[in-house]
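Below you'll find the structure, written out as structure tokens, and then a few comments.
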Number of protein chains: 2
Amino acid sequence: MRLTTRGRYAVTAMLDLALHYDRGPVSLAEIAERQGISQSYLEQLFARLRRNGLVDGLRGPGGGYKLGRPGDAISVADVIDAVNETVDATRCGGQRNCHGEKRCLTHDLWEELSCQIRDFLSNVSLDQLVRRKSVQTLHRMQEPHGKESRPEATV
Amino acid sequence: MRLTTRGRYAVTAMLDLALHYDRGPVSLAEIAERQGISQSYLEQLFARLRRNGLVDGLRGPGGGYKLGRPGDAISVADVIDAVNETVDATRCGGQRNCHGEKRCLTHDLWEELSCQIRDFLSNVSLDQLVRRKSVQTLHRMQEPHGKESRPEATV
DNA sequence: ATCATACCCGACCGATTTACTCAGCTTTCG
DNA sequence: CGAAAGCTGAGTAAATCGGTCGGGTATGAT
């Protein structure tokens, strides 16, 4: 089972994107600063997200990324799957050859666990996260109220 | 979140111990052979299991390990906790300083996930695993029917 | 046109962890 | 005593991770 900073960063970044959905494309530089993530590292993550159709990249000045589909159609599991190769908890990756040719004693247990985790993460969409109170609060705190960073919303 | 081969091995080994509970101490050599795990590696794992009171070691010839308490009082979470330091899914380890001084946007999500996983693993005991049909089947397959390895059960 | 912006891509890197080995101890049974 | 087992610590190859760096390429604005 692999659930590391990579997946966490990816979900955080996607959530940032969802929170600024109405402002047009969001640049990686913005996300990097707001969420405290290395921009170069974000580029790697977004390459994977893009390949999986979770985001669309727009080049040139004023460009950035936007969600590839509505926030209620993107689950946390989708995001983690896109950047990590697997969320499987079994060693054999479901191949059932964890002990020689056969399953190991605990194969089924890990399979169930994987299922549980997957269910949980599949049932949380970006939109649901956006609506959470804790997220809203942090979101407002991250906005620079002082400087005008909303250039005449061209929605 | 860290759920690796170490935890899997530990649970498998503990399950092996539970399956042979009525035979007196089980040596690591037996477990190593039956479950296909390096014996030296098992020694390291059992050092941690012992420190956490999950097993008792008996030295000398005929020695081995036995469960430190009944199989229904040992959960899979106990075992994984003993060999891994943490099963937490948050980056900050619950310290809520994942983004500068504050929580990151997704802190709560990972906290919930950790909770889910912990609940699941806490509610599976070794005894429950022993009673599972799939485990029983594999168990029987692992027993050497040919040679007499049950020395006049001194229960 | 050209320049700045921002996406895009691939190579590289230090640190950490993992799974595992080796060697050498100590305790205890026969 | 001597062999069987637990016990311990040091060491190691490989993998992975988070991250950097340098250089592209598309595109909007001047």
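Values below: every heavy atom of this structure, side chains too, minus hydrogens, waters and symmetry copies. Just so it is clear: chains get the letters A, B, ... in the order the sequence lines come, proteins before strands, and each one is counted from 1. Keep in mind it's a predicted model, so treat the numbers as computed, not measured.
R131(B) pairs by the salt bridge (Lys or Arg N to Asp or Glu O under 4.0 Å) definition with nothing, not counting sequence neighbours. By the side chain to side chain donor-acceptor pair (under 3.5 Å) test, S122(B) is found to be paired with no residue, residues two or more places apart in sequence or in another chain being considered.
Both S40(A) and I37(B) sit near DNA chain C, but only S40(A) has its closest nucleotide nearer the 5' end. Residues G7(A) and G57(B) each lie close to DNA chain D; by heavy-atom proximity, the contact nearer the 5' end of the strand is made by G57(B). Checking Y41(B) against Q39(A), the closest nucleotide of DNA chain C that is more toward the 5' end is the one next to Q39(A).
In this structure, the CZ atom of R51(B) is 16 Å from the P atom of dG6(D), given to the nearest Å. Atoms CZ (R8(A)) and P (dG19(D)) sit 11 Å apart, rounded to a whole Å. In this entry the distance linking CG of L58(B) with P of dG30(C) reads 13 Å, nearest Å. In this structure, R6(B) places its CZ atom 17 Å from P of dT16(D), rounding to the nearest Å. At whole-Å resolution of the value, CG in L42(B) and P in dA19(C) are 12 Å apart. Rounded to an integer number of Å, the gap from CD of Q44(A) to C1' of dG22(D) is 13 Å. Taking atom CD1 of I31(A) as the reference point, atom C1' of dC7(C) lies 12 Å away to the nearest angstrom. Residue R48(A) contributes atom CZ, which lies 15 Å from atom P of dC8(C) at whole-angstrom precision.
Side-chain contact of T106(A) with W110(A): a donor-acceptor pair under 3.5 Å is present, judged by distance alone. Under the 3.5 Å distance criterion, with hydrogens and angles disregarded, a donor-acceptor pair is assigned to the side chains of D108(A) and S134(B).
Contact of the H99(A) side chain with the Q142(B) side chain is registered, since non-hydrogen atoms from C-beta on lie closer than 4.5 Å. Between Y21(A) and V130(A) there is no side-chain heavy-atom pair separated by less than 4.5 Å. Side-chain contact between T5(B) and R8(B) is present, with at least one heavy-atom pair separated by less than 4.5 Å.
Residues of residues 11-20 of chain B having a heavy atom closer than 4.0 Å to DNA chain C: none are found. At a non-hydrogen distance threshold of 4.0 Å, G60(A), P61(A) from residues 60-70 of chain A come into contact with DNA chain D.
Each of dC20(C), dA19(C), dT20(D) was ranked by its minimum atom distance to the side chain of T4(B); first place goes to dA19(C). For S27(A), counting side-chain heavy atoms from C-beta on, the closest listed nucleotide (dC7(C), dT20(D), dC22(C)) is dC7(C).
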Restricting to nitrogen or oxygen on both sides, can you table the protein-nucleotides 24-26 of chain C pairs closer than 3.5 Å?
| from | atom 1 | to | atom 2 | distance (Å) |
| --- | --- | --- | --- | --- |
| dT26(C) | O2 | R59(B) | NH1 | 3.4 |

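S38(B) has no side-chain polar atom (N or O) that falls below the 4.0 Å cut-off from OP1 or OP2 of dA19(C). Phosphate proximity of dC9(C) to R50(A): present, with a side-chain N or O under 4.0 Å from OP1 or OP2. Close to dC17(D), at under 4.0 Å from its OP1 or OP2, lies no side-chain N or O of Y9(A). Dashed line: the shortest gap from a side-chain N or O of T5(B) to OP1 or OP2 of dA19(C) is under 4.0 Å.
Nearest heavy atoms, N52(B) versus A82(B): CG-CB, 3.7 Å.
Judged as a ring-ring contact (aromatic ring centres under 6.0 Å, His included), the pairs with a partner in residues 42-67 of chain A (not counting sequence neighbours) are, in order, F46(A)-Y65(A).
A salt bridge does not link E111(A) to R118(A): none of the charged nitrogens lies less than 4.0 Å from a carboxylate oxygen. Salt-bridge annotation for R132(A) and E112(B): present, with a side-chain N of the basic residue lying under 4.0 Å from a carboxylate O of the acidic one.
Each of L67(A), V55(A), L17(A) was compared with L49(A) under the side-chain contact (heavy atoms from CB on, under 4.5 Å) criterion, and only V55(A) meets it.
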